[in-house]
Amino acid sequence: MGKPLRWPLGVASQSLVGRKICGVRRRGKYLLVDLDQGLLLLHLGMSGSLNFAPTQAEAGPHDHMDLVTDRGVLRLHDPRRFGAVVWAPSEDSPQAQKLLGRLGVEPLNGQFDVTAFADALKKRQSAIKQVLLAGDVVVGVGNIYASEALFMAGIRPTTKAARLSRPRVARLQKAIVEVLTRAVQQGGSSLKDFVSAEGRTGYFQLEAAVYGRAGEPCRVCSTPIKSMLQGQRTTFYCPVCQKP
DNA sequence: CCATATACCTGGCAGC
DNA sequence: TGCTGCCAGGTATATG
């Protein structure tokens, strides 16, 4: 079914026959499907989507996995194949920790602490945007939301993380929580081919303050939004609202 | 330990 | 019209 994803499953798919799904969790951008024996780690990459249907339909070229249960079929569709499905014997196993072990704190579970965030940033000499993207301090902040959160916090993306004052770190922490919360409420961002489980695209991009708006007027001060490359990724910012 | 670069992949689009 | 080439995204891995 389809071409291989990013990594092999790590176990014969036959060995999953008869397993029971005990629960589903999330860690960073990984979905954890707990089984009565081991767990599955799913990642949607940038173009993956999950669909749950009563019966198994014919697979298209970008369908990579059907998890057939007695309640229906969970299908993973991923045109660009950045996604993954990996089986691990437990969350503490080397297989799982290789993927989950270095993840930073969850921004939306109430444990995203300003003091710990400030301490972590003090140790990093690279640009704040790159630290956010690295995912080892805080998870969930991808390229779009990094630009948006830094705009909301009034921080230039190139500012060295270690040089941010405590009040600015506090602003950034609040901005990250607010940007992600609003994005989730609106169903995520759709640039090209994102589709939710319900088949809807996200609407966050309709209100992006800076992302994808190079040359357009800042919604606050009307200065043209600038774009630049940081670590092979495009960053958008307002040169007036965001201070170094 | 930290920082930066690279690879992976393919649909969509600009430009010729 | 059809081709080429570039771009977008997340993150493991390699290299400095």
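Throughout, protein chains are lettered first and strands after them, A, B, ... in sequence-line order, and every chain is numbered starting at 1.
- Taking atom CG of A/L133 as the reference point, atom C1' of B/dT4 lies 13 Å away to the nearest angstrom.
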**Message:** Could you walk me through whether A/F82 and A/S47 satisfy the side chain to side chain contact (heavy atoms under 4.5 Å, CB included) test, starting with their C-alpha distance in whole Å, then the side-chain angles of each, then the deciding distance to 0.1 Å, before giving a yes or no?
**Reply:** CA-CA 7 Å; A/F82 269 33; A/S47 59; 5.7 Å; no

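- In terms of phosphate contacts, A/K98 brings a side-chain nitrogen or oxygen within less than 4.0 Å of OP1 or OP2 of C/dT13.
- Atoms CG (A/L31) and P (C/dT11) sit 12 Å apart, rounded to a whole Å.
- For A/K29, the side-chain atoms get nearest to C/dG10 when compared with the rest of C/dG10, B/dT4, C/dA12.
- A/R80 places no side-chain N or O within donor-acceptor distance of the main-chain N or O of A/G45, the cut-off being under 3.5 Å.
- Axis deviation across the helix from B/dC2-C/dG16 to B/dC16-C/dG2 amounts to 50°, comparing end segments of five pairs, rounded to 10 degrees.
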Restricting to nitrogen or oxygen on both sides, can you table the protein-nucleotides 8-10 of chain B pairs closer than 3.5 Å?
from	atom 1	to	atom 2	distance (Å)
B/dC9	O4'	A/R80	O	3.4
B/dC9	O3'	A/R81	NH1	3.0
B/dT10	OP1	A/K3	NZ	3.3
B/dT10	OP1	A/R81	NH1	2.4

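- A/D136 places its CG atom 15 Å from the P atom of C/dG10, with the value rounded to the nearest Å.
- A donor-acceptor distance shorter than 3.5 angstrom exists from the side chain of A/R26 to the backbone of A/G28, with no hydrogens or angles considered.
- Of the candidates C/dT13, B/dA3, C/dG10, C/dG10 carries the atom nearest the A/H43 side chain, counting heavy atoms from C-beta on.
- For the pair A/E106/A/R27, a side-chain contact is recorded, criterion being any heavy-atom separation below 4.5 Å from C-beta on.
- Across C/dG10, B/dA5, C/dA12, the shortest atom-to-atom separation from the side chain of A/Y30 is found for C/dA12.
- A donor-acceptor pair under 3.5 Å is absent between the side-chain atoms of A/H77 and the main chain of A/N51, judged by distance alone.
- When heavy atoms are screened at a 4.0 angstrom cut-off, A/Q125 is found touching the sugar-phosphate backbone but no base atom.
- Between A/R102 and A/G45, the residue anchored nearer the 5' end of DNA chain C, judged by the nucleotide with its closest heavy atom, is A/G45.
- Straight-line distance from the CH2 atom of A/W7 to the C1' atom of B/dA7: 12 Å, rounded to whole Å.
- Sorted by residue number, the list of members of residues 87-97 of chain A with any non-hydrogen atom under 4.0 Å from DNA chain B is empty.
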**Request:** Dump the intermediate steps for salt bridge (charged side-chain N to carboxylate O under 4.0 Å, His left out) on A/D119 and A/K122, then the final yes or no.
**Result:** CA-CA 5 Å; A/D119 287 347; A/K122 276 200 194 91; 3.6 Å; yes

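- The nearest whole Å value for the distance from the NZ atom in A/K129 to the P atom in C/dT11 is 14 Å.
- Using modelled atom types, one side-chain atom of A/Q173 and one backbone atom of A/F112 make a donor-acceptor pair closer than 3.5 Å.
- Considering only the side chain of A/R124, B/dA3 comes nearest among B/dA3, C/dT13, C/dG10.
- The phosphate of B/dT4 (OP1 or OP2) has a side-chain N or O of A/S126 nearer than 4.0 angstrom.
- As a whole-Å value, the separation of A/K123 NZ from B/dC1 C1' is 12 Å.
- Comparing C/dA8, B/dT4, C/dA12 by their closest approach to the side chain of A/L99 singles out C/dA12.
- In the model, A/R213 has no side-chain atom that pairs as donor or acceptor with a side-chain atom of A/S227 under 3.5 Å.
- Remark: side-chain polar atoms of A/D66 are not paired, donor with acceptor, to backbone N or O of A/V68 under 3.5 angstrom.
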**Message:** Let's go through A/L150 and A/R156 carefully: what are the C-alpha distance in whole Å and the side-chain angles of both, what is the deciding distance for side chain to side chain contact (heavy atoms under 4.5 Å, CB included) to 0.1 Å, and is it a yes or a no?
**Reply:** CA-CA 7 Å; A/L150 287 166; A/R156 198 75 65 84; over 6 Å; no

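- Within 6.0 Å of atom CZ in A/R25, more than 12 heavy atoms from other residues, nucleotides or ligands are found, so the atom counts as buried in its surroundings.
- Protein atom CG of A/D78 is 11 Å distant from nucleotide atom C1' of C/dG10, rounded to whole Å.
- Residue A/Q130 contributes atom CD, which lies 16 Å from atom P of B/dC2 at whole-angstrom precision.
- Distance alone, capped at 3.5 Å, is enough to place a donor-acceptor pair between the A/Q97 side chain and the A/E91 backbone.
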